[in-house]
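In what follows, a structure is listed as structure tokens, so that the remarks can point back to it.
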Amino acid sequence: MWKGRDVITTREFTRKDIEDVLRLSERMEKISRGKKHLPLLKGKVLATLFFEPSTRTMFSFQTAMLRLGGAVIGTAEPKSTSAAKGETLWDMMKLVHECSDAIVMRHPNEGSARRAAESSDVPFINAGDGSNQHPTQALLDLYTIKQQKKRIDGLNVLLLGDLKYGRTVHSLAYALSQFEDVTITLHSPAQLRFPAWMYAELKESVKIREIPSLDLSNADVVYATRIQKERFADPTEYAQSAYVLDAEKVATMKEDAIIMHPLPRVDEIAVEVDADKRAKYFRQEANGIAVRMALLSLVMTGR
Ligand code: NCD
């Protein structure tokens, strides 16, 4: 059941939850591109609060709401809110939920989404809380996998890059664990390994393993990520990507595998790879609108 629900972490998603969103997302495709008009959320207001940089997540939520006939209020400038006067997130949510029918928030602190949601009576959607979770990214990732590979069950998904601070891979791994016979393969620089507690928890329900060197040849999905420099306590902790996916590396992949990335990329994927038919990251980013339309409609109206 999605109606009225807070969307904080994919640890709480069931397979049915995910499939409900994916099914509706497919029906939203035409409307997401402005080819069909369906004002399902007319009269509703979405509040978007971005206390951390965002381009695609913020724009796609706003477009999703507008395409469904709803309105958007919000800010991407924390200094312009009463947070700058020392107001707590808890108090701010008391105001924001009076002004809106759902709230989307991105915030640099892990756990901020849960706290803010507890203070709000309208559905609250986590658009990224520090290095913890980014559940709507996982939904659009799964939508893209299903769209491109026709299934999720049975796939081997290779997660690459900053697996320690990368919230998208945390959310995606939990969401994948709801499917049958999935293998999650991890490869990262030694300093940026997947959190041990998540690994231990996931091991209970999904095949998950780390590989010591980069090997793309067995993956059905290669999911690259950016080194999350902004999360490092010590800026010298680890500054560069451990690998670059270039044409030579991509040549070792299966013919029918796909390459994904939550974007923005820095240097993890060479621009020459964009022309490869397996590169699906721009398609993935575009899918965010339909998927967020489906989710907004489900949490606000149940349909
Ligand atoms: C990701 C994020 O913010 O976690 N971006 C996104 O939402 N598409 C990934 C990143 O910033 O590297």
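Ligands are counted one by one from 1 in listed order, and the atoms in each one are counted from 1 as well. Along the sequence shown, residues carry numbers from 1.
- Counting only residues at least two apart or on different chains, the salt bridge (Lys or Arg N to Asp or Glu O under 4.0 Å) pairs with a member in residues 42-52 are Glu52-Arg167, Glu52-Arg231.
- One finds the CD atom of Glu29 at 10.0 Å from the CE atom of Met293 (value rounded to the nearest 0.5 Å).
- The contact shell of ligand 1, taken as protein residues with any non-hydrogen atom closer than 4.0 angstrom, comprises Arg56, Thr57, Arg106, His134, Gln137, Arg167, Thr168, Arg226, Gln228, Pro262, Leu263, Pro264.
- In this pair, Tyr165 and Phe232 present their aromatic rings tilted. The plane angle is within the 30 to 60° band.
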If you look only at distance, which donor and acceptor atoms sit under 3.5 Å apart when one is on a side chain in residues 59-76 and the other is two or more places apart or in another chain?
from: Ser60; atom 1: OG; to: Arg56; atom 2: O; distance (Å): 2.9
from: Ser60; atom 1: OG; to: Thr57; atom 2: O; distance (Å): 3.3
from: Ser60; atom 1: OG; to: Arg292; atom 2: NH1; distance (Å): 2.6
from: Gln62; atom 1: NE2; to: Thr48; atom 2: OG1; distance (Å): 3.1
from: Thr63; atom 1: OG1; to: Phe59; atom 2: O; distance (Å): 2.9
from: Arg67; atom 1: NE; to: Ser32; atom 2: O; distance (Å): 3.2
from: Thr75; atom 1: OG1; to: Glu77; atom 2: N; distance (Å): 3.0
from: Thr75; atom 1: OG1; to: Glu77; atom 2: O; distance (Å): 3.4
from: Thr75; atom 1: OG1; to: Ser80; atom 2: OG; distance (Å): 3.3

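- Within a 6.0 Å radius of NZ in Lys94, other residues, nucleotides and ligands contribute more than 12 heavy atoms.
- Think of Met92 as one node in a network of Ile, Leu, Val, Met, Phe, Trp and Tyr side chains linked at under 4.5 Å; its network also takes in Ile8, Leu49, Phe51, Leu89, Met93, Leu95, Val96, Ile103, Met105, Val122, Phe124.
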